Amino acid sequence: MAPEEYSITEMQERFERGDLTAAGLAEAYLARIAEIDRAGPTLNAVIELNPDGLEIAAALDRERAEKGARGPLHGVPVMVKDSIDTGDRMSTSAGSLALEGNLAPADAWVVARLRDAGALLLAKTNMSEWGYIRSSRACSGWSSRGGQTRHPYVLDRNPCGSSSGSAVAVAANLCTAALGAEVDGSVVRPASINGIVGLKPTVGLISRIGVIGVAEPQDTAGPMARSVTDLATLLNALVGVDPRDPATAASAGKAPEDYCSLLDVEALRGARLGVARDLFGFHEGTDRVIEAAIRTLESLGAVIVDPVSCGQAHLFGGAELELILYGMKAAVNAYLASHPRAKVRNLEELIAFNKANAERVMPFFQQELLERALEKGRLDEPAYLKAAADCRRAAREEGIDKAMAEHRLDAILAPTDGTPAWVNDPLIGDKILGGCATPPAMAGYPHITVPAGYVMGLPVGLSLFAGPWDEPKLIAYAYAFEQATKVRRPPGFKATIGV
């Protein structure tokens with residue numbers, strides 16, 4: 001029997017009544033993964049199951065019976081992206097065959113926090129190989145180790161973004177919630193495209209230790225869930241100062257004791273929201289959905305300021321791509337140096353492995369971005385420092401900060417993605433037309449997406465972003481919108497549009 005789309009609160013109520021056990025729920029999820037991820041629609045969202053999952057679930061049930069629950073995540077099945085270390089028998093590979101069998105020596109900070117909270121780590125999710133930074137013709141959701149993840153609403157469409165497996169797993173109810181990670185859009189864009197809620201937090205709110213990065217100034221993990229309440233519950237377990245990640249020092253005192261306590265259906269009343277018109281205009285269907293969302297926000301008491309501009313920050317534009325190429329080399333080399341079980345020891349060896357195994361690793365697109373990254377120098381070089389400064393200035397002083405100050409805004413809104421999901425094409429690559437992920441990503445500022453509607457059965461997400469540490473406001477606004485609209489519906493696994 002397929003598991004119901006229970007919220008975390010509903011799960012805990014059933015656990016306490018004895019109607020449900022963590023072991024029984026895990027078994028139901030594993031059966032569903034076998035039914036629709038491995039067979040049937042063949043979503044291919046899960047790259048590796050936790051071989052100890054059922055044993056851990058049974059232990060959590062015993063602990064609940066003997067001592068009580070640790071908290072709201074006790075026994076709740078979650079998944080994490082394949083770029084996030086788990087100190088167990090599952091590999092961490094960033095989707096790469098070169099890292100197959102890479103058993104991490106310890107849990108990533110976020111994984112340790114989830115385990116401490118009693119969450120059940122059920123599996124790891126497929127992703128765009130190396131966080132989408134391998135080729136300019138990459139196909140989102142494809143990796144040499146995991147193959148192609150498919151869109152759960154319309155199977156021939158692309159699931160988008162490098163955290164695509166996490167988004168699809170949540171949307172298709174293969175788990176309750178999941179973790180993704182992003183450098184630019186890889187949490188919010190797949191969340192939007194697959195009809196769930198995703199949060200890219202302020203850089204430093206969540207430790208990056210144990211997460212394979214792309215470009216340190218922008219890297220962060222982020223929670224993904226089917227509802228804002230579930231996302232807030234997951235976020236509660238993830239925040240905190242980690243002495244090993246200096247960026248988290250700035251988060252001290254910035255996180256509320258409980259994000260769930262801030263959820264309020266009246267939160268939008270009086271909120272000043274700016275409409276980033278320069279991020280519209282890529283697809284009439286998407287724009288119609290977001291225009292309707294704006295009317296809803298206004299009806300809920302928001303003051304709409306239209307238009308505002310976030311400046312000119314485009315996905316992987318000149319300065320950002322330069323920063324990412326420098327950052328990719330540093331991140332890959334640092335990660336591999338600290339993981340002795342990996343088959344390759346540095347970026348140069350990774351590139352050589354891919355060439356030696358080109359038939360399996362590069363059947364559709366190449367690795368020119370990795371090769372360009374190899375040519376870059378250290379992170380103290382003037383070219384890197386200039387790129388980092390240019391990105392921050394464009395996204396902050398000339399972008400979000402300027403718009404927020406000039407218009408006295410509480411947040412800025414836009415379509416998360418410029419278009420609904422496009423048709424999968426691993427040979428030619430993605431057809432990305434617009435989106436709003438880049439300004440908050442380059443700024444290091446928080447960004448939430450919430451389901452807003454559908455275009456021919458394909459989900460469209462509404463984005464809200466603001467200044468640093470503004471997660472409480474964004475989560476509250478998203479909750480008020482979600483509760484007023486309740487647009488999300490489970491996926492139907494259609495073969496193609498019109499079927």
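Just so it is clear, the structure is predicted and the values come from calculations on it, not from any experiment.
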Participant: Run the ring pair (Phe, Tyr, Trp, His ring centres under 6.0 Å) test against Y326 and tell me which residues pass, sequence neighbours left out.
Facilitator: Y384
Participant: Y445: which residues meet the side chain to side chain donor-acceptor pair (under 3.5 Å) condition with it, sequence neighbours left out?
Facilitator: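 D401.
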Participant: Can you name the ring pair (Phe, Tyr, Trp, His ring centres under 6.0 Å) partners of Y259, sequence neighbours left out?
Facilitator: none
Participant: Ignoring hydrogens and geometry beyond distance, is a side-chain donor-acceptor pair present between T125 and S166 at under 3.5 Å?
Facilitator: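 S166 and T125 do have a side-chain donor-acceptor pair below 3.5 Å.
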Participant: Mind running salt bridge (charged side-chain N to carboxylate O under 4.0 Å, His left out) on D37 and R150 for me, showing each step along the way?
Facilitator: CA-CA 9 Å; D37 193 69; R150 304 174 79 189; over 6 Å; no
Participant: Apply salt bridge (charged side-chain N to carboxylate O under 4.0 Å, His left out) to E48 and K124, showing your working.
Facilitator: CA-CA 5 Å; E48 186 171 356; K124 302 186 84 164; over 6 Å; no
Participant: So, T149 and N44: side-chain donor and acceptor under 3.5 Å apart, yes or no?
Facilitator: no
Participant: For K473, check salt bridge (Lys or Arg N to Asp or Glu O under 4.0 Å) against everything at least two apart and list the hits.
Facilitator: D410, D470
Participant: Can a side-chain donor-acceptor contact be found between S136 and E368 if the only test is distance below 3.5 angstrom?
Facilitator: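 Note: E368 and S136 side chains meet the donor-acceptor criterion.
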Participant: Is there a donor-acceptor contact under 3.5 Å linking the side chains of T86 and D88?
Facilitator: yes
Participant: With salt bridge (charged side-chain N to carboxylate O under 4.0 Å, His left out) as the rule and sequence neighbours excluded, what pairs involving residues 416-437 come up?
Facilitator: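 Residue pairs with at least one partner in residues 416-437: R189-D417, D425-K431.
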Participant: Return a table of donor-acceptor pairs under 3.5 angstrom between the side chains of residues 210-218 and protein atoms on other chains or two or more places apart.
Facilitator:
from : atom 1 : to   : atom 2 : distance (Å)
E216 : OE2    : R208 : NH2    : 2.6
Q218 : NE2    : V183 : O      : 2.9
Q218 : NE2    : E320 : OE2    : 3.1

Participant: According to the salt bridge (charged side-chain N to carboxylate O under 4.0 Å, His left out) rule, which pairs have a member within residues 164-173, sequence neighbours left out?
Facilitator: none
Participant: With sequence neighbours left out, what residues match F364 under ring pair (Phe, Tyr, Trp, His ring centres under 6.0 Å)?
Facilitator: W142
Participant: Is the NZ or CZ atom of R32 both under 6.0 Å from the centre of the six-membered ring of Y29 and within 45° of that ring's axis?
Facilitator: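 Cation-pi check for R32 and Y29: fails.
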Participant: According to ring pair (Phe, Tyr, Trp, His ring centres under 6.0 Å), who are the partners of Y335, at least two apart in sequence or on a separate chain?
Facilitator: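 Per chain and number, Y335 pairs via ring pair (Phe, Tyr, Trp, His ring centres under 6.0 Å) with H339.
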Participant: Can you name the salt bridge (Lys or Arg N to Asp or Glu O under 4.0 Å) partners of R393, sequence neighbours left out?
Facilitator: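 Partners of R393 by the salt bridge (Lys or Arg N to Asp or Glu O under 4.0 Å) criterion, ordered by chain and then number, come out as D390, E398.
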Participant: Kindly determine whether S463 and T416 satisfy side chain to side chain donor-acceptor pair (under 3.5 Å), including the steps that lead there.
Facilitator: CA-CA 5 Å; S463 275; T416 310; 2.6 Å; yes
Participant: Nearest 0.5 angstrom please: L279 CG to S309 OG, how far?
Facilitator: 8.0 Å
Participant: Checking N158 now: which residues fulfil side chain to side chain donor-acceptor pair (under 3.5 Å) with it, not counting sequence neighbours?
Facilitator: N424
Participant: Would you please name every residue forming a salt bridge (Lys or Arg N to Asp or Glu O under 4.0 Å) with R360, sequence neighbours left out?
Facilitator: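 For R360, no residue satisfies salt bridge (Lys or Arg N to Asp or Glu O under 4.0 Å) once neighbours in sequence are set aside.
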